[in-house]
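Below: the structure, in structure tokens.
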Amino acid sequence: MRFTIEPELELFAESVRGALAGWEAPVEPVFGEWQDDRDDALGARLAAIGWGELWSDPDLLGPAVAGGVELGRACAPLCLIDEATLGVPLAIDGRVRHGDGRAEGGDREPTLDGTGTLRGVASAPSVPSDPTRLRAWGAVTLAYLAGLADGALEKAVEHARSREQFGAPLAALPAVQAHLADAAMARDGLLLSAWSAADPETGFPRDSLAWAGSACREVTAHVQQVHGGIGFALEGGVHRYDRRAKTVQVWTNALLRELS
């Protein structure tokens, strides 16, 4: 199940899906090597539909959240959130996310999921203190995590319906149904948190962000269990949702500490 949203928000979400068409996140990481999944052509397609302008007006956070969910479902590059809302790459304690060519100095740091991290950047950009930008970043990050959870759960449902075990689809097994139900509950909580953060009366969603990373990883853990062994293998593609959720969780917690 996916929540029904207002027609104008669904239209913007459809535009984001159109911009993402033909783009696919790298499935297999090269462990120990530096990778960056930034795609400037994808960024340009999103800019053409007004993605970079949504942070400035509290009334536009609804479309931003709708788009953020779609970015999460696609495991799209995180720089699309950072630079559209904060105006600069996300930088904390001398580490810069997607910083190559956008921050001076530093060393390339291998990461879990190709976020193009530089470490030891002396001139790293500061996190903007503008509350409007921070609030937008928080709302869209929540939406991204909700999208990650939704995309992972969709794969689990498809797998459970198509794979047979003991003469019946996996989806008929009570244990599998329990995993899917628990994952759906956490996914729905993430979606509700993201839409709550889009409310013009809501401030920076600190508490929701502190919870959201672990909630998303709860979903991906259920999804991996439904897939069995292939859920933990590179060939299955499910691992990328968990790796990206872990990365977002680590960076978000670091930002919350920076702001405290």
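Note that the structure is a prediction, hence the values are computed from the model and not measured.
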For His98, all residues meeting ring pair (Phe, Tyr, Trp, His ring centres under 6.0 Å), sequence neighbours excluded: none
Cluster overlap Ile49 with Leu20, hydrophobic side-chain contacts below 4.5 Å: yes
Residues forming a salt bridge (charged side-chain N to carboxylate O under 4.0 Å, His left out) with Asp242, sequence neighbours excluded: Arg217
Side chain to side chain donor-acceptor pair (under 3.5 Å) partners for Asp39, two or more places apart: Trp23
CZ/Arg163: more than 12 non-hydrogen atoms of other groups inside 6.0 Å: no
Atom CD of Glu104 with >12 non-hydrogen neighbours under 6.0 angstrom: no
Shortest non-hydrogen contact between Ala152 and Thr220, atoms and distance: CB-CG2, 4.4 Å
Residues that Arg161 engages under side chain to side chain donor-acceptor pair (under 3.5 Å), provided they are two or more places apart: none
Basic-acidic side-chain contact under 4.0 Å: Glu10, Arg17: yes
Option from Asp150, Val223, Leu145, Asp182 for which side chain to side chain contact (heavy atoms under 4.5 Å, CB included) with Arg187 holds: Asp150
Pairs flagged by salt bridge (charged side-chain N to carboxylate O under 4.0 Å, His left out) wherever residues 118-139 is involved - sequence neighbours left out: Glu109-Arg119
Side chain to side chain donor-acceptor pair (under 3.5 Å) involving Trp51 - partner list, sequence neighbours excluded: none
